[in-house]
Asks: 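Below: one structure in structure tokens.
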Amino acid sequence: MRELSKKLGEMEYDGLITGLNPPKRVDGGAIAKLTTATTYVRGALLGKADDTGLLSLYDGTGTPDCILCDDTEVGTEEDVIVAVYKAGCFNPDRLTVAEGYTITEADKDKLRERGIVFKAASPAI
């Protein structure tokens, strides 16, 4: 009976997910290899820019598609298979996009059609 209350680890709330509805849905995706290796952080907004189905950090071109679940190293040799959120309620202030780009209302509308909605996080009390 002692094992039922054993502490397994800790989790720190990062404010990315802000609601239960719509329920979050995790799926797989592939990020296209880069010319210079970099790390995409959890909460990166990914988009599809062409018909290959490969994802890249969203920069306003193509279609916003999903949100990266975990920090991921993207190299120069091959595409990277990743877990992505395809639906859920997220804090727009916690998303990252390509440098110099800002998410627009049109982007939010396209994501809403896919099941991704936005709501600011409530402050912790």
Side-chain angles (χ1 to χ4, degrees):
M1 208 42 117
R2 226 175 52 195
E3 294 297 314
L4 292 177
S5 63
K6 181 179 177 182
K7 184 176 180 178
L8 297 176
E10 293 185 25
M11 185 184 96
E12 202 170 300
Y13 178 64
D14 65 2
L16 178 62
I17 298 172
T18 56
L20 300 175
N21 289 311
K24 66 181 183 301
R25 182 170 53 93
V26 177
D27 205 344
I31 297 177
K33 63 185 174 186
L34 301 171
T35 55
T36 304
T38 191
T39 299
Y40 287 173
V41 296
R42 171 179 161 81
L45 179 60
L46 303 175
K48 291 183 180 177
D50 54 32
D51 293 335
T52 65
L54 294 174
L55 301 166
S56 61
L57 192 60
Y58 189 63
D59 63 1
T61 59
T63 305
D65 187 68
C66 54
I67 297 170
L68 188 62
C69 290
D70 301 300
D71 292 355
T72 303
E73 179 72 31
V74 181
T76 59
E77 298 296 318
E78 57 187 44
D79 303 332
V80 180
I81 304 300
V82 294
V84 294
Y85 293 111
K86 289 289 213 169
C89 184
F90 300 92
N91 182 348
D93 297 332
R94 294 291 184 188
L95 297 185
T96 57
V97 292
E99 190 173 327
Y101 186 74
T102 303
I103 298 173
T104 66
E105 289 302 316
D107 295 333
K108 290 179 183 178
D109 287 342
K110 286 182 182 179
L111 289 164
R112 195 173 300 116
E113 291 171 5
R114 291 172 158 63
I116 294 175
V117 298
F118 297 102
K119 179 176 87 173
S122 299
I125 297 175

Asks: Cluster partners of Tyr85, using ILVMFWY side-chain heavy atoms under 4.5 angstrom, listed by chain and number?
Replies: Leu16, Ile17, Val26, Leu45, Tyr58, Ile67, Phe90, Leu95, Val97, Tyr101, Ile103, Leu111, Ile116, Phe118

Asks: Is a donor on one side and an acceptor on the other found under 3.5 Å between the side chain of Arg112 and the backbone of Val117?
Replies: no

Asks: Report yes or no: do Asp65 and Thr63 form a side-chain donor-acceptor pair below 3.5 Å?
Replies: no

Asks: Looking only at heavy atoms, what is the nearest atom pair of Ala44 and Thr96, with distance?
Replies: CA-OG1, 3.2 Å

Asks: Do Thr76 and Lys33 have side chains that approach each other closer than 4.5 Å (heavy atoms only, starting at C-beta)?
Replies: no

Asks: From Cys89 SG over to Lys24 NZ, what is the distance, rounded to the nearest 0.5 angstrom?
Replies: 11.5 Å

Asks: Shortest non-hydrogen contact from Ala37 to Glu73?
Replies: CB-OE2, 3.8 Å

Asks: List in chain and number order the residues that pass salt bridge (charged side-chain N to carboxylate O under 4.0 Å, His left out) with Lys110, two or more places apart in sequence or in another chain; answer none if no residue qualifies.
Replies: none

Asks: Determine the minimum heavy-atom distance between Ala120 and Pro92, stating which atoms define it.
Replies: N-CD, 4.3 Å

Asks: Who passes salt bridge (charged side-chain N to carboxylate O under 4.0 Å, His left out) against Glu105, sequence neighbours left out?
Replies: Lys108

Asks: Which hydrophobic side chains are connected to Val82, either touching it within the sub-4.5 Å cutoff or through other members that do?
Replies: Ile31, Leu34, Tyr40, Leu46, Leu55, Leu57, Leu68, Val74, Val80, Val84

Asks: Can you tell me how far SG of Cys66 sits from CZ of Arg25, rounded to the nearest 0.5 angstrom?
Replies: 10.0 Å

Asks: Under the rule for side-chain contact (heavy atoms from CB on, under 4.5 Å), what residues qualify as partners of Thr36, not counting sequence neighbours?
Replies: none

Asks: Could you walk me through whether Asp14 and Arg94 satisfy the salt bridge (Lys or Arg N to Asp or Glu O under 4.0 Å) test, starting with their C-alpha distance in whole Å, then the side-chain angles of each, then the deciding distance to 0.1 Å, before giving a yes or no?
Replies: CA-CA 8 Å; Asp14 65 2; Arg94 294 291 184 188; over 6 Å; no

Asks: Can you name the closest pair of heavy atoms from Lys119 and Gly19 and give their distance?
Replies: NZ-CA, 4.3 Å

Asks: Can you tell me if CD on Glu78 sees more than 12 non-hydrogen neighbours from other groups inside 6.0 Å?
Replies: no

Asks: Using a 4.5 Å cut-off between side-chain heavy atoms of Ile, Leu, Val, Met, Phe, Trp and Tyr, which other residues end up in the same hydrophobic cluster as Val41?
Replies: none

Asks: Tell me if a side-chain donor or acceptor on Thr61 pairs with a main-chain N or O of Asp59 at a distance below 3.5 Å.
Replies: no

